[in-house]
Amino acid sequence: MQKRTAEIKRAVFREGQRRDCGGDCGLPGAIGVLIDLTEQFAKAFAEKKRSKNILDYADLEHFALEILVQQEDGRLVRTDAARELSEQFREIMIDEYQDSNFIQEALLSAVSGEEEGRWNRFMVGDIKQSIYGFRLARPELFLEKYHTYAKDGESQQRIDLDKNFRSRPEVLATANYVFRKLMSPELGGIAYDEAASLHAGAAFPALPEMEEEKTETWHAAYETELLLLDDKAPELEDDKSRETKMETEAAAVAARIREMVGNEEVVGKETGEYRKIQYRDIVILLRAVSGWAETFSRVLQAAGIPAYSTSKTGYFSTQEIVTVLNYLHLCDNPCQEIPFTAILRSPICGCTDAELAAVRCVDKDVKIYEACGKYAAEGEDEALRKKLGSFLEQLETLRSRVPYTPIHELITQILEETGYGGYASAMPGGVQRRANLEMLVEKAVEFEATSYRGLFNFIRYIEQLQKYEVDFGEVNIYGESADTVRIMSIHKSKGLEFPVVFLSGMGKSFNQMDSRAALVLHSRMGIGADAIDPEHRVRQATLPRQIIRQSMKLENLAEELRVLYVAMTRPKEKLIMTGMASKLESRVKQCAAHAGRQDELLSYQTLSSASGYLDWILPAFSRNRCFDGLYEQFGLAGNADNPLYAEKIPVTIRLVSPAGLVEGEVLHQMERAVNEQKIMEIPKQPPREAALKELVEERFAYQYPYEKEKQIPVKVTVSQLKKAGMEESEIGKELFAQEELVPIVPDFMKKDHVAALTGSDRGTAYHRLLECLDYRRAYSITELMAQTEELIAEGKMTKEAAECIYFKSILAFAKSSVGMRMRNAFLNETLKREQPFVMSVPASEADPSYPEDETILVQGIIDAWFPEGDEMVLVDYKTDRVKEVGELKKRYEKQLAYYQQALERTTGKKVKEKIIYSLALDEELVL
């Protein structure tokens with residue numbers, strides 16, 4: 001209790017805040033201005049929509065509300081129109097009532113006969129499945145009627161529907177067990193008692209051959225499984241990235257699916273009899289599909305498991321769409337270097353790298369389009385001349401049609417006349433690629449139905465979609481009968497049922513961004529904001545904002561609990577939960593510490609402090625004997641004296657190791673190799689043509705001669721790239737690890753949100769200020785702070801980043817000898833800052849195991865350089881925590897040598913000095 005009290009105290013009265021803001025710091029006035037601004041915007045927006053004769057869904061709701069109700073003395077009163085309309089309805093039947101909001105409730109109440117004593121509304125819902133808070137659903141509307149309507153009431157009667165006609169007893173027993181431990185009126189909105197529990201109503205065929213495995217009323221084959229992965233596993237020590245963790249969990253799911261398909265059984269929907277599990281029987285549910293769905297789909301497909309997701313991203317990045325859009329760019333303007341080169345290299349033209357180099361060398365001072373024309377006219381390679389001539393002739397023919405050809409017809413002609421439509425269809429995943437291209441044609445038709453016309457406008461339209469990250473997602477080519485594993489969000493699955501459900505990503509943290517926003521909004525409590533004292537330049541959380549934040553957090557947790565309920569009640573026959581647990585050993589020890597607690601409901605502190613589903617699931621199972629195996633993994637034991645320990649539940653908990661997944665994959669590959677060998681040993685029919693036999697054997701016996709060279713990266717980076725520089729290639733890797741950044745702001749001066757910034761964030765803030773520093777006014781703290789405020793106003797730096805800058809270090813740098821030399825260069829307009837470069841070096845310099853005759857690209861950004869006479873001076877800022885500046889020489893001498901090499905290659909001049917400036921020590925080191 002003392003710990004919890006301290007947490008509340010820290011949340012409401014933040015530590016380190018000693019300065020009084022002085023009254024309310026003008027906060028009510030500022031919020032009033034914000035409200036006025038919002039009302040003005042809403043009015044202007046409404047007028048704009050009316051001028052264009054446009055209505056959105058919210059308009060329809062509010063206009064209907066204005067017709068049916070009006071305000072009198074602060075309450076809503078039905079209008080004559082509502083009374084007249086209500087007489088037309090004998091019954092009003094409402095489904096999913098738990099997801100109603102206040103506007104819907106007012107509309108439906110207005111057209112009902114309740115005011116005249118005709119209780120003709122029939123409402124169906126389940127408060128445990130209210131999961132649309134982001135659409136302003138108010139579950140309290142359902143709860144009010146649930147608690148006030150009586151079972152034996154005449155006009156207001158409650159009918160409890162507790163029979164479940166979907167799932168096996170094993171699934172229902174698991175859900176009932178878990179939510180008796182988790183759900184309460186305080187969190188979830190309802191007590192999960194016998195009335196709220198699920199009771200089996202579905203009938204499943206008997207399994208006589210499995211009677212010996214039957215326990216109580218369930219079968220072992222259909223027990224719920226909880227598959228846990230420990231992010232502290234030795235195999236994950238080298239790479240603990242979010243992507244790696246998702247891939248590892250997806251691999252565990254793939255391994256379990258492989259075990260189930262063709263081996264375990266479910267009841268067929270068509271026959272009502274048992275059959276082997278197929279891929280179509282399985283669905284993977286995720287709390288959020290963004291990022292997760294793509295990873296799971298990729299890993300499953302790599303394992304030979306057909307899978308598709310309902311993700312709405314990835315369409316514009318597919319190879320076939322990029323290629324066709326590039327060709328449309330050429331039809332609009334062929335003098336675009338990147339699209340033209342991409343098409344030359346694509347199957348449409350089919351140039352090799354060597355041929356591209358030959359074309360480029362014809363005339364380096366003209367665009368590639370002109371160089372291509374010159375080579376087609378007078379190039380040395382006859383075959384290449386013909387190839388380019390044919391390509392250019394075809395391009396000019398298609399370009400000539402642009403003024404009078406609709407865009408969708410032009411795209412169709414490009415696909416047919418270049419042959420790219422057939423080529424894309426013949427590629428791996430050709431059906432999907434063809435569907436994506438057909439969707440592009442459909443989008444062109446939709447575009448032409450607007451007031452805009454022409455290829456130029458269509459290209460700009462697509463560019464705007466890409467700029468603002470409006471994506472369509474790849475076309476869904478799979479129907480309900482397709483034999484493939486489906487991946488979808490929990491919200492998408494609501495109202496559906498599936499034979500086998502994998503509830504994955506349970507180690508993911510809840511999204512609490514709404515409650516952490518600078519301005520928080522609540523339907524009952526109003527608006528909460530930080531108080532700002534402009535005189536002392538202080539921002540601090542106000543008590544109303546903290547109260548609203550806490551209330552929003554609890555409401556979000558209650559909704560997350562209901563989302564979990566929806567997910568766990570989707571399976572018909574088998575539920576498998578998976579999650580990558582952080583600090584698993586610590587969590588299990590905490591569970592062991594509470595193993596003696598005999599209250600069935602978990603403590604409110606445990607429930608309200610959860611940050612993810614595993615924070616509920618693990619404690620829920622921890623007092624039962626099903627948890628013993630996990631306790632044993634960490635040398636612990638459950639409490640057998642607890643009455644909850646002996647309760648029999650159909651749950652199996654298993655810790656999955658990455659090493660076991662690798663071993664399983666190796667065995668699977670070996671089994672495939674053996675099967676392939678058996679197939680090869682089947683007596684073959686003699687081929688009809690000897691030449692065909694030789695050709696087939698030659699193709700299948702071919703081995704790529706440069707297998708080792710495939711491991712060489714195309715590009716490596718010297719240092720972490722800045723946003724202002726180039727973007728790192730997807731296959732690049734770091735040649736030098738990023739420097740360890742010193743937290744220059746002392747601990748006693750940090751604010752909470754500043755402490756949350758990473759070293760990389762702080763380093764970026766310092767580099768951005770030095771990049772934009774105006775040396776004419778850099779010699780006082782006031783001037784430096786003013787420049788920083790300008791950067792914030794221009795969107796070049798965030799306030800959080802600016803607050804972590806220690807301006808005395810910047811001032812010391814500006815006054816240093818190297819700072820004064822840079823000032824002179826700045827005044828002479830010869831100072832260059834944040835200069836990106838790319839150069840080639842022998843591959844063996846990155847890794848001695850690489851061949852010496854191979855080259856790779858080194859990419860980096862030079863902090864600053866300037867000329868002095870006929871030579872150059874190179875400057876690099878460092879924020880490492882070191883005792884003396886000499887340590888930086890050992891760390892970065894080779895790195896600066898690359899910078900020197902790049903600068904000398906670029907300018908043709910010699911670098912006379914390489915200077916490292918330590919912002920931590922306020923010292924410079926000349927190499």
Side-chain angles (χ1 to χ4, degrees), residues 57-58 60-72 74-79 82-83 85-86 89 91-151 153-162 179 183-193 195-196 491 494-495 514-515 521-526 548 551-566 569:
Y57 185 77
L60 298 176
E61 280 190 319
H62 284 84
F63 287 157
L65 198 64
E66 291 177 12
I67 294 171
L68 298 176
V69 297
Q70 59 188 18
Q71 278 198 342
E72 292 183 5
R75 62 190 184 92
L76 295 179
V77 178
R78 298 166 75 202
T79 63
R83 293 188 181 90
L85 194 60
S86 68
F89 302 119
E91 288 185 4
I92 300 174
M93 291 175 280
I94 308 166
D95 195 13
E96 303 289 355
Y97 183 66
Q98 76 280 351
D99 293 321
S100 294
N101 58 39
F102 290 135
I103 292 180
Q104 294 165 347
E105 176 71 2
L107 290 173
L108 293 169
S109 297
V111 298
S112 73
E114 293 175 1
E115 191 174 278
E116 292 83 18
R118 293 184 295 112
W119 301 92
N120 60 342
R121 277 203 292 169
F122 186 82
M123 297 157 282
V124 178
D126 181 359
I127 186 62
K128 302 186 294 299
Q129 298 191 48
S130 178
I131 61 172
Y132 288 102
F134 61 93
R135 294 180 184 169
L136 305 182
R138 305 308 306 181
E140 57 264 33
L141 294 172
F142 182 98
L143 283 174
E144 185 269 331
K145 293 176 177 59
Y146 181 83
H147 292 305
T148 57
Y149 284 26
K151 287 186 178 182
E154 295 182 2
S155 59
Q156 297 175 313
Q157 183 180 7
R158 189 183 87 205
I159 304 172
D160 290 339
L161 305 174
D162 60 358
F179 289 98
M183 194 168 281
S184 66
E186 294 77 21
L187 200 69
I190 191 172
Y192 202 90
D193 51 20
H491 280 85
K494 190 170 184 289
D514 288 347
S515 63
L521 307 174
H522 195 276
S523 61
R524 295 190 310 274
M525 299 182 183
I548 293 175
S551 178
M552 291 176 65
K553 177 186 174 183
L554 293 177
E555 289 177 4
N556 289 342
L557 285 176
E559 178 133 331
E560 290 291 351
L561 188 59
R562 296 191 291 267
V563 170
L564 179 61
Y565 178 85
V566 169
T569 53

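- With no hydrogens or angles considered, no side-chain donor-acceptor pair links Q104 and Y97 at under 3.5 Å.
- The backbone N or O of I131 lies less than 3.5 Å from a partner atom in the side chain of H491, making a donor-acceptor pair.
- More than 12 heavy-atom neighbours from other residues, nucleotides or ligands sit within 6.0 angstrom of CZ on F63.
- Across all non-hydrogen atoms, the minimal contact from E559 to G133 is OE2-N, 2.7 Å.
- Side-chain N or O atoms of N120 include one that pairs as donor or acceptor with a backbone N or O of G113 at under 3.5 Å.
- Taking the charged nitrogens against the carboxylate oxygens, E105 and R121 do have a contact shorter than 4.0 Å, which makes a salt bridge.
- Using a 4.0 Å cut-off between charged side-chain N and carboxylate O, D160 and K151 make a salt bridge.
- Side-chain polar atoms of R78 and S86 form a donor-acceptor pair below 3.5 angstrom.
- The two residues Q98 and Q129 make their nearest non-hydrogen contact at NE2-O, 3.6 Å.
- Dense packing is recorded around CZ of F134, with more than 12 heavy atoms of other residues, nucleotides or ligands lying under 6.0 Å away.
- A salt bridge is defined here as a Lys NZ or Arg NE, NH1 or NH2 lying under 4.0 Å from an Asp or Glu carboxylate O, and E96 with K494 meets this definition.
- Listed here is the closest heavy atom pair of V69 and A110: CG1-CB, 3.9 Å.
- Counting heavy atoms from C-beta outward, Y146 and M123 have side chains that stay 4.5 Å or more apart.
- Side-chain atoms of R562 come within 3.5 Å of backbone N or O of S130 as a donor-acceptor pair.
- Between the side chain of E72 and the main chain of V77, no donor-acceptor pair closer than 3.5 Å is present.
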